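See structure below.
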Amino acid sequence: MSENASSTISKQPFFRDPADERPLAKTLLILVALAFLAFFLLLPLISVFVEAFREGWGAYYEALVEPDAAAAIRLTLLVAAIAVPLNLVFGLCASWAIAKFEFKGKAFLITLIDLPFSISPVISGLVYVLLFGSGSLLGPLLKSWGIEILFAVPGIVLATVFVTFPFVARELIPLMQDQGSGDEEAALSLGASGWQTFRYVTLPNIKWGLLYGVLLCNARAMGEFGAVSVVSGRIRGLTNTMPLHVEILYNEYNMVAAFAVASLLALLALVTLALKTLLELRFGAGNAGGRH
Amino acid sequence: MEVTINNIRKEFERFPALNDVSLKIASGELIALLGPSGSGKTTLLRLIAGLDFPTAGKIFFGDEDASHHSVQERNVGFVFQHYALFRHMTVAENIGFGLKVRPSSSRPPKSEIRRRVSDLLDMVQLGGLEKRYPNQLSGGQRQRVALARAMAIEPRILLLDEPFGALDAKVRKELRRWLREFHDRTGHTTVFVTHDQEEALELADRVVVMSQGKIEQVGSADDVYDRPGSPFVFSFIGESSHLPVEVKEKTVLFQGQPIGISEPVEGGGELFFRPEDVSLVDAQDALFGKVTACRRLAGTRIAEIDIANEGHAPYHVEVEVPLHAPVALGSEVRFRPTRWKVFTNG
Ligand SMILES: Nc1ncnc2c1ncn2[C@@H]1O[C@H](COP(=O)(O)OP(=O)(O)O)[C@@H](O)[C@H]1O
Ligand SMILES: [Mg+2]
């Protein structure tokens with residue numbers, strides 16, 4: 001297949017591709033698209049950084065090391081550090097099961113995985129309030145054992161896990177379905193154990209897709225606002241994540257501080273985007289050449 | 001390694017892919033599983049390998065009941081239809097994989113693995129390609145890497161699923177001969193799946209003809225071609241024509257008329273014959289019909305004939321005629337099968 005992929009049809013100099021627009025229309029289309037992008041994406045992004053640095057580096061730095069901001073950053077990192085590995089494991093298990101086995105309720109499981117994408121994050125948060133709130137069965141019981149879920153770190157982690165769990169699975173399911181189980185069977189027939197098969201065959205086959213899913217999952221875990229805001233209680237220095245902290249600062253008209261913290265989130269988005277593009281380059285190349 | 005398959009049944013969600021299949025494979029034999037697509041060849045091969053497990057029945061490796069042994073325990077070399085080479089590993093890593101994953105007690109040292117890989121590469125005539133990746137190889141080369149990889153674990157039996165299926169005609173022919181030589185050199189008990197009868201007849205010591213999850217016939221190329229055991233085998237292997245006939249007082253009647261051949265078993269049935277087992281005659285008790293088409297085939301000519309007695313629907317048959325025979329289009333020819341088989345109904 002790779003032989004064919006490299007042979008492209010040479011361009012005919014005298015005939016225009018019928019799908020090509022006229023030059024004017026082409027220029028117009030590109031300009032509109034660029035203007036749209038600039039206005040809705042680039043401008044806001046730049047304004048975040050402009051605002052953050054309006055009072056100089058010093059104020060920017062102050063805003064980030066201020067105890068409440070530092071606490072919010074730490075909490076966000078902690079939540080991501082728990083939610084991402086959990087969803088990595090869950091995503092691997094779910095996509096493995098879906099791609100390689102036939103079982104009853106498979107279609108239901110696939111739908112279920114998509115659930116967090118299709119419902120509003122606020123509702124995702126409210127579900128946990130219902131489950132663990134003071135009016136629920138579980139909440140008071142856990143409280144009597146000294147375990148706080150709502151308005152505490154566990155609740156934030158739960159809500160984040162819920163909101164971010166489709167990312168890894170969604171990325172891996174089509175990939176693994178496409179690859180089938182031929183390679184795994186080959187490894188097993190050569191005497192490899194289940195773990196060796198996973199380690200040497202499955203993982204290398206899915207690693208780029210997996211990394212990509214983890215990146216997206218992480219970006220969302222750090223950036224989630226809605227669901228987390230419902231369960232967090234927004235106790236400054238204790239249960240505020242970065243997005244929540246930004247909102248509080250903003251509501252207090254503390255613009256420089258708000259945008260300083262926001263700029264970190266924006267930076268995270270940019271790094272994710274850059275890595276994603278890089279991965280797609282590798283991933284894409286690997287796909288084109290690696291299939292046989 | 002001798003392999004015995006006893007009354008195997010395999011169901012996929014109630015649908016029987018294999019039904020009461022029994023087969024004995026002698027040590028060192030080269031066996032072909034031949035049948036149309038969907039006849040259960042791959043399923044049988046996977047059951048022997050331990051990649052799937054039978055719904056009922058047993059599989060023995062020698063005297064040992066392997067029915068419940070995992071694929072790892074069975075130690076078989078399996079070459080997959082699409083090779084299933086590990087695309088992120090080099091040729092050498094692919095071939096050495098089975099040795100690398102052995103438990104440390106039986107794993108050869110790295111230098112030994114390297115030496116074995118290099119020997120195997122020489123054996124499949126791919127020396128020097130160690131560092132290539134699978135996508136840098138041609139189809140035929142991938143096929144041989146897959147074979148070398150399977151041989152690296154010193155398997156007790158070698159199983160190949162449509163080993164030449166994905167290759168073009170010329171490479172197919174070359175590899176076919178090469179596999180036969182390879183088998184004769186290594187002496188491995190080998191089972192390969194194919195839907196190409198030419199491949200099966202040319203290559204295998206014995207051919208297992210399968211249809212709809214059952215074994216129709218097991219025999220040498222001569223057996224299945226010259227003495228087909230069932231209507232299916234007769235029509236599936238080689239060219240043939242068939243006509244509904246009746247045997248009365250040992251005479252074969254077609255549409256009530258004697259056709260000049262006799263059979264011991266009385267009753268209705270189906271007469272099968274091959275195009276080359278026919279001679280043109282000048283007698284009344286013979287098959288006759290109009291030539292509807294004629295085509296040259298290497299050293300002979302094939303005439304297509306519509307056989308019809310008045311008041312009956314025509315039957316289409318093909319017969320081989322000598323190059324000089326007078327078989328103009330539209331002319332009437334009379335012929336008798338010289339070798340034939342009547343499969344009586346019921
Ligand atoms: N994993 C499976 N699930 C359901 N049906 C299967 C499966 N594998 C094979 N079959 C069915 O079993 C029959 C035999 O298949 P197979 O052994 O692959 O045939 P062949 O290799 O002779 O073409 C086919 O009808 C096929 O659809
Ligand atoms: Mg098959």
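Chain letters run A, B, ... following the sequence lines, proteins first and then strands; every chain starts at 1. On a predicted model such as this, the values are computed, not experimentally measured, just so you know.
- Between the OG atom in Ser189(A) and the CD1 atom in Ile153(B) there is a gap of 6.0 Å [rounded to 0.5 Å].
- When the candidates Arg74(B), Glu73(B), Glu13(B), Arg149(B) are compared by the number of heavy-atom contacts under 4.5 Å with chain A, Arg149(B) comes out ahead.
- From Asn205(A), atom CG reaches atom CZ of Phe86(B) across 9.0 Å, with rounding to the nearest 0.5 Å.
- Neither the backbone nor the side chain of Ala146(B) comes within contact range of chain A; no heavy atoms are under 4.5 Å apart.
- Looking at every heavy atom in both residues, Val201(A) comes nearest to His88(B) through O-CE1, 3.9 Å.
- Listed by sequence position, Arg46(B), Leu51(B) are the residues of residues 43-63 of chain B in contact with chain A, using a 4.5 angstrom heavy-atom cutoff.
- Annotation for Gln141(B): atom CD counts as buried by contact number, over 12 foreign heavy atoms lying within 6.0 Å.
- Put simply, the side chain of Arg102(B) does not reach to within 4.5 Å of the side chain of Gln196(A), judged on heavy atoms.
- Within 6.0 Å of CZ in Phe103(A) there are more than 12 heavy atoms belonging to other residues, nucleotides or ligands.
- With rounding to the nearest 0.5 Å, the separation of OH in Tyr200(A) from CE in Met89(B) is 9.0 Å.
- When the shell of 6.0 Å around NZ of Lys110(B) is examined, it contains 12 or fewer heavy atoms from other residues, nucleotides or ligands.
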Quick one, Val71(B) with Glu185(A), criterion side-chain contact (heavy atoms from CB on, under 4.5 Å). Give me CA distance, side-chain angles, the key distance, then yes/no. CA-CA 9 Å; Val71(B) 57; Glu185(A) 286 186 339; over 6 Å; no
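- In terms of heavy-atom pairs under 4.5 angstrom with chain B, the leader among Ser193(A), Ala186(A), Gly182(A) is Ala186(A).
- Environment of CZ in Arg107(B): crowded, with over 12 heavy atoms of neighbouring residues, nucleotides or ligands closer than 6.0 Å.
- Other residues, nucleotides and ligands contribute over 12 non-hydrogen atoms within 6.0 Å of the NZ atom of Lys100(A).
- The backbone N or O of Leu190(A) lies less than 3.5 Å from no partner atom in the side chain of Gln72(B), so there is not a single donor-acceptor pair.
- In terms of heavy-atom pairs under 4.5 Å with chain A, the best-connected choice from Gly77(B), Ala152(B), Ala150(B), Gly98(B) is Gly98(B).
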